[in-house]
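In what follows, a single structure is set out as structure tokens and then discussed.
These values consider heavy atoms only, across backbone and side chains, with no hydrogens, waters or symmetry-generated copies. Heads up: numbering here begins at 1 and tracks the sequence.
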Amino acid sequence: GGSLEIAIDPWLLQAMRLIQELDQASTVLYPELLIWSRNSGTDDPPVVKHNNEVTYLAGSADYGMLSILPFHQSPISNDRIEYVLLNGENAVRGLHLFTDNDVFNVCEAKRASKSLEAHEPQVIAECLAIASRANDQRSFKHLAFTLTSGEVWIFGVVDAEKRECFRTAELKLNMRDPTAVKHSTLRALMMLIMIWNTQPADVIKEAMTAYSNKN
């Protein structure tokens, strides 16, 4: 939280502008997306079970970004989008996709004090919790996520039904010396941010696994 999220905000806001301008899409950003609290209206927090471990999830994800591309929109979805912007609650229980091809990306911002990989279980668990608690669970069979410290970025997809995770290698930026950051690295980062916020998670998963499935 705090200063770290301020460092991440420009990337997300720039992505939202690009998506809106290039794809003429509607975007909704959910900061501190509530997964569960004692006042969230449900009795128990979502439970994620893995092997012999049980994890109860409370609190919130740092961000959730919803993108609705124009060729998927209809007058009904436009009305719903307006309602979400004006009246929607910032919580998983009120979260739903407007069409099967809408995109939702779970974003977690972490400090660079330890390996970013150490935070993967948290964001994976958040994706599973969101899939189990969202109103329209069918739309959340797959969830995309972005995990970053601002300098290191990991992009991934969680298959909520099979409980599998697919992710990219780490993409690293040296923000202590911005002049040393290659333009190609910046382009790659923005392209990944755009892909993860404009393509359905199941499509990304298919692209990530296409080569391995052939071998």
Side-chain angles (χ1 to χ4, degrees), residues 8 11-12 15 27-36 42 45-69 90-110 115-149 152-171 189 191-213:
I8 306 304
W11 291 101
L12 297 180
T27 56
V28 183
L29 185 65
Y30 298 86
E32 296 296 331
L33 178 66
L34 181 65
I35 295 176
W36 183 88
T42 56
V47 176
V48 175
K49 299 179 181 179
H50 180 67
N51 295 330
N52 294 322
E53 297 181 359
V54 178
T55 303
Y56 292 87
L57 279 171
S60 59
D62 287 339
Y63 299 94
M65 186 187 293
L66 175 65
S67 300
I68 307 100
L69 301 182
N90 199 50
V92 169
R93 67 176 182 177
L95 187 63
H96 65 276
L97 301 186
F98 299 99
T99 77
D100 290 338
N101 294 307
D102 293 340
V103 178
F104 189 77
N105 183 20
V106 181
C107 306
E108 274 293 328
K110 297 298 180 184
S115 169
L116 200 60
E117 292 182 355
H119 298 289
E120 280 188 47
Q122 177 189 346
V123 71
I124 292 171
E126 288 175 353
C127 288
L128 292 173
I130 290 170
S132 69
R133 279 296 168 96
N135 284 340
D136 188 3
Q137 293 184 23
R138 289 186 180 180
S139 297
F140 289 98
K141 291 180 181 178
H142 297 83
L143 270 170
F145 70 82
T146 301
L147 179 61
T148 180
S149 65
V152 181
W153 294 74
I154 294 174
F155 299 85
V157 172
V158 172
D159 184 327
E161 285 191 325
K162 296 183 178 179
R163 291 179 173 258
E164 295 177 336
C165 176
F166 307 85
R167 72 155 177 100
T168 65
E170 292 183 348
L171 181 63
L189 174 58
M191 286 179 65
L192 285 168
I193 292 175
M194 290 292 290
I195 290 171
W196 252 252
N197 287 286
T198 59
Q199 299 301 314
D202 59 328
V203 173
I204 298 176
K205 174 195 165 184
E206 288 180 14
M208 295 178 76
T209 58
Y211 178 79
S212 60
N213 288 341

Output all residues satisfying side chain to side chain donor-acceptor pair (under 3.5 Å) with N197, sequence neighbours left out; order by chain, then residue number.
->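 Partners of N197 by the side chain to side chain donor-acceptor pair (under 3.5 Å) criterion, ordered by chain and then number, come out as N105.
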
Partners of E117 by side chain to side chain donor-acceptor pair (under 3.5 Å), sequence neighbours excluded?
->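 Testing E117 for side chain to side chain donor-acceptor pair (under 3.5 Å), a comparison that skips the adjacent residues, returns R167.
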
For the student: nearest non-hydrogen atoms of [X] and [Y], plus distance:
| X | Y | answer |
| --- | --- | --- |
| A160 | L128 | CA-CD2, 3.8 Å |
| A118 | P121 | O-CD, 3.5 Å |
| V103 | P200 | CG2-N, 3.6 Å |
| S149 | L116 | N-CD1, 4.0 Å |
| Q199 | I204 | O-CD1, 3.6 Å |
| L143 | A131 | CD1-N, 4.0 Å |

To the nearest 0.5 Å, what is the distance between [atom1] ([X]) and [atom2] ([Y])?
| X | Y | atom1 | atom2 | result |
| --- | --- | --- | --- | --- |
| K141 | K162 | NZ | NZ | 11.0 Å |
| I193 | L12 | CD1 | CG | 7.0 Å |
| L192 | M194 | CG | CE | 11.5 Å |
| T168 | W196 | OG1 | CH2 | 6.0 Å |
| I195 | F155 | CD1 | CZ | 9.0 Å |
| S115 | E170 | OG | CD | 5.5 Å |

Test side-chain contact (heavy atoms from CB on, under 4.5 Å) applied to E108 - qualifying residues, sequence neighbours left out |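 Partners of E108 under the side-chain contact (heavy atoms from CB on, under 4.5 Å) test: A61, D62, K110, Q122, V123, E126, L147.
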
Can you find a heavy atom in the side chain of L33 that is under 4.5 Å from one in the side chain of F104?
->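 Yes, at least one pair of side-chain atoms sits under 4.5 Å.
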
May I ask you to test the F166-T209 pair for a side-chain heavy-atom distance under 4.5 Å?
->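 Heavy-atom side-chain distance check passes, below 4.5 Å.
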
